Structure formats: structure tokens, C-alpha cells
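To start, the structure under review is shown below, and the notes come after it.
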Amino acid sequence: MTRTYRVTLPIQLNGRIYNFGQTVDLELDQALLYAHALIATDTQGEQDHGRYSEGHPAD
Amino acid sequence: MAGTAKDIQPTKIHQGPGDLWIIGTPPVDATPRLVLASDGTPDSATHGTCVHLGAINDCRFSAKPTIHNIELDQLDAPFDIYLGELAAQLEATFAQVEMTKLSRALGVGAYGAGSGYKQVTFGGLVVVPTFCLAAISPTKEAALKHVVALLFKAAAAGGFQVIFGRGQASLYKCNFIALADIGRTAGKQMFNVYRTLTDCAGGTPTAKSFVLTETQQGPGDLWVLPDPPSNSEIRVTLDAATLTPDAAVHAGSIHLGATVGPITLTVKPTISLGKIDQADGPVYVYVEKIEASLEAELSQLGVDKLQYALGVGDYDSGAGFEQVSGGGVDQPVPFCVAGIAKKRSDATKAIVGCLYRVMPTDGVEFTLSRKSPATYKVKFTALSDATRTAGQQMGVIHEMIAV
């Protein structure tokens with residue numbers, strides 16, 4: 001099952017570069033490789049001046 | 001008459017190391033402080049995914065206002081003052097040569113990982129990531145009380161410089177600049193420095209990334225790769241046994257010989273700070289340029305190597321001679337260089353810094369002397385390769401990891 005993550009640090013996945021602020025749909029095992037650079041957006045959404053809420057790939 | 005008590009409290013003199021953290025969910029405006037878990041790390045239940053930036057050698061907070069005097073010719077001294085700008089930053093010397101941390105230090109590099117490798121490519125990204133950053137240091141009197149310096153919205157501005165050398169560990173300085181988060185209340189838009197007066201307790205601790213095997217030290221080798229990594233390969237393919245360029249993938253690779261001192265890979269963006277008159281701090285950041293280079297001091301005066309150090313020479317060899325001649329060629333041909341070093345903690349694995357398209361920029365100079373060898377310094381400065389994907393147009397640093 002995939003989840004949607006917002007990119008907080010540029011990453012390269014499957015030959016494509018996802019820049020800061022973009023979203024990417026990932027399987028859990030792949031998201032864990034990039035955990036330092038992702039925040040899940042489909043759990044609690046955005047809050048407080050555009051900063052983002054909790055959502056670790058492992059949650 | 002009674003005197004006034006002095007306020008001398010040695011317990012409030014702070015001394016001790018700190019940890020740097022990227023804070024996933026910054027503290028809200030009404031309570032602009034972190035919730036710390038029982039071990040003094042950010043409470044992940046409150047602050048989400050926080051990232052520890054690893055072992056550091058020092059950590060420095062600074063805030064510097066620029067005050068303008070308002071003067072009149074009729075008065076000896078300024079009659080008032082006004083704040084022009086406020087600059088705040090956190091600086092640290094990082095000790096872990098690990099790709100997620102280099103990626104964070106660079107900001108505009110793209111991190112990638114796969115089976116057996118981690119990498120950071122650079123060149124072509126212009127959006128600078130911003131994040132909340134905290135330095136947390138326990139007090140010397142009570143390990144569960146802390147001094148905290150918090151930048152609500154920060155950006156990496158210094159890039160990194162990694163050295164492959166025997167003489168010293170590869171520590172690299174990083175700095176993070178505070179932006180003015182104008183969505184926050186005036187007076188606390190950039191930073192908060194505070195002490196906690198009660199012990200931290202409860203909460204959900206966040207694991208630190210304190211991996212001393214990631215501190216790098218040891219010599220490297222400099223290579224010219226006539227057959228560079230392609231836009232899809234990205235990385236230098238190494239022979240697993242010798243940790244040298246694979247002869248099939250990178251045919252004709254040239255080793256630049258013995259070096260004196262370290263090989264230095266520098267990737268440094270110039271970050272433009274966007275300022276508006278309505279805010280005292282910068283409100284956005286943008287990349288002006290990235291400078292990337294590989295530098296070393298070469299000690300073999302073989303002219304096959306000298307030609308790459310010079311860049312504009314014309315190399316020739318024949319029966320009884322080899323030469324580099326110069327003068328009359330206007331358009332030098334860029335080439336690819338790579339620095340390759342075995343990992344200190346695992347000599348079966350390597351760290352590689354590769355610039356896809358470079359020109360030597362400092363020329364060559366050597367001295368013929370009885371007292372010292374005729375070494376010469378080289379600096380290969382990266383060009384942008386516009387034929388490559390944005391984000392990987394200049395180069396890559398990658399490390400081999402356990403599969």
C-alpha cells in the first residue's frame with residue numbers, strides 16, 4: 001500500500017528527482033530509505049503557517 | 001541606605017556539548033519552545049519526525065543586529081537608533097561523512113539510495129529547503145535541564161567540504177541561516193534561545209544518529225575518467241576488489257599518481273537572501289550559484305598527468321620523449337575527475353566524489369630544487385553539464401554501504 005509523502009529535502013527516486021515541497025507516493029519499504037527527507041501528508045495534514053504535522057514513514 | 005544584591009550565579013554559566021536537530025513539526029507560535037522527552041531529545045509525539053544531525057565537533061549560535069544611528073548635525077551623538085537587519089544562524093562542525101547529512105548540509109543536493117549505495121548529486125536544483133532547526137545542550141548542573149537555541153525557519157547555506165587524507169579526520173563546517181517567518185508573531189519570528197527550569201520527563205524520545213564509524217579519515221586517489229558516469233548511471237562504478245574505476249565501464253581511466261596531503265572535495269552553494277523592508281530578517285532564499293571542486297597536490301611530474309593539471313596543454317609522446325606543449329589552442333576540452341577513498345571503518349568500501357565535467361583553474365607551478373620535490377597543486381572546478389538531469393548536472397558523492 002502506498003502513502004503520500006511531502007519532500008522536505010530533495011531526493012532521487014527511480015531516475016526522477018523530487019524537489020523540496022513536492023509530494024511522492026511510496027511503498028513503506030522505499031519510504032524508509034528516505035525517512036529523513038519525507039513527511040507523510042495523508043495522516044494529519046498541514047498546520048500552523050504551512051509547516052507540516054507528524055507523519056513518519058514508519059507510523 | 002541598603003545596597004542592591006549582585007546577581008552572580010555560576011549555575012547559570014553554561015558549558016557543554018549540544019546536539020543539532022531538524023524539527024519535523026516546529027513549536028507553535030503561542031509556546032515557541034520544544035517539548036523534550038525524558039532523555040532530552042525532541043518528543044516525537046509533539047514534534048513528529050525529527051532528524052538528529054549526528055556527531056559534531058562544536059556548535060555555535062549567533063544573532064547579530066545591524067543598528068542604524070539617527071544623527072543630527074546639532075547633536076554630538078545619535079539621538080535615536082533603529083534596527084536595520086537581524087541575522088541569526090547556527091553553525092557546527094559535522095563529523096559524520098554520511099550522505100543524508102551531506103545532503104542536509106548542502107540543501108540543494110538530491111539524496112538517493114539503493115542496494116549497496118547512498119549518494120548525493122548536485123547541480124541544477126534551485127529550490128532551497130527550509131526547516132526548523134534546534135541546538136539542544138544539557139546544563140552542567142542538571143542533565144535533564146537544557147539550553148536550547150531554536151531557529152523557526154532555517155536554510156543550509158554553507159555546503160560541505162570533505163577531505164580524503166591521512167593527516168586529519170574529515171570534519172566539515174556547516175551553517176544554517178535563520179529566516180524571518182512573518183507568519184509568526186512579531187518579536188519571535190526568527191529564533192528563540194531559552195533555558196528549561198524543570199526536568200524533562202515522559203514523552204516519546206527520538207533516536208540520535210551518533211555513528212562514529214561514519215567519521216572518515218584516510219588517503220584517497222585522484223582519477224581522470226575519459227568515460228564518465230552517464231546521466232543514468234550517475235555513480236562511478238568501482239571494481240569491488242581494488243576499489244578503482246571499473247576498467248570495462250570507465251575505459252582508459254587515468255590515475256593521477258601520488259599526492260601530497262589530502263584530496264579535497266568542496267561543494268558550496270552561494271545562497272541569496274531575499275530581503276524586504278517590512279522584515280528585519282531574510283524572508284526567502286535562492287541559489288545564486290554552486291561552486292564544486294576537487295583539489296590536491298600532485299607529486300609525480302609525469303607530463304601525462306601534467307596535461308590534466310594544466311588543461312590547455314597538448315600532450316604527445318613518442319620514441320624517447322613525452323611532452324606537454326602549450327600556446328595556440330583556444331578551446332580546452334573539459335573532462336571528468338573523481339576522488340576515491342577507502343572508508344576508515346571498512347576498507348572494503350569506498351567513498352567517491354566525482355565531478356562530471358571540469359576544467360583545471362589554477363594552472364601548474366613547480367620548483368626545481370635540491371631541497372624539496374617538484375610537486376604541483378591542482379584544482380579541478382566543476383562546470384554544469386546541461387545535457388544531464390537537473391539536480392545532477394555537476395557531480396555526485398557516493399558511498400558504498402552494506403547491502
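Quick caveat, the model's predicted, so the values are computed rather than measured. In what follows, chains are A, B, ... by sequence order, proteins preceding strands, each numbered from 1.
When atom types are taken as modelled, the side chain of Thr121(B) and the backbone of Gly395(B) share no donor-acceptor pair closer than 3.5 angstrom. In this structure, the side chain of His398(B) does not engage the main chain of Val352(B) through any donor-acceptor pair within 3.5 Å. Here the side chain of Arg388(B) pairs no donor or acceptor atom with the backbone of Gly123(B) at under 3.5 angstrom.
Using a 4.5 Å cut-off between heavy atoms, Gln392(B) touches chain A through backbone and side chain atoms alike. When heavy atoms are compared at a cutoff of 4.5 Å, Ile17(A) approaches chain B solely by way of its side chain, counted from C-beta outward. Of the atoms belonging to Val128(B), it is backbone heavy atoms, and not side-chain ones, that fall under 4.5 Å from chain A. At a 4.5 Å heavy-atom cutoff, the contact between Ile234(B) and chain A is made by side-chain atoms alone. Only the backbone of Ala390(B) comes within contact range of chain A, with at least one heavy atom under 4.5 Å from a heavy atom of that chain. For chain A, the nearby parts of Thr130(B) are the backbone and the side chain; heavy atoms of each come within less than 4.5 Å. In this structure, the portions of Val127(B) lying under 4.5 Å from any heavy atom of chain A include both its backbone and its side chain. For Ser232(B), no part lies under 4.5 angstrom from a heavy atom of chain A.
For the atom pair Gln89(B) CD and Cys174(B) SG, the distance stands at 11.5 Å (nearest 0.5 Å).
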Side chains of residues 19-26 of chain A: which donor-acceptor partners sit under 3.5 Å, not counting sequence neighbours?
unit_1, atom_1, unit_2, atom_2, d
Gln22(A), OE1, Asn19(A), N, 2.5
Asp25(A), OD1, Thr4(A), OG1, 2.7

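Between Phe122(B) and Phe160(B), the ring planes are perpendicular. Angles over 60° get that label, and only those under 30° would be called parallel.
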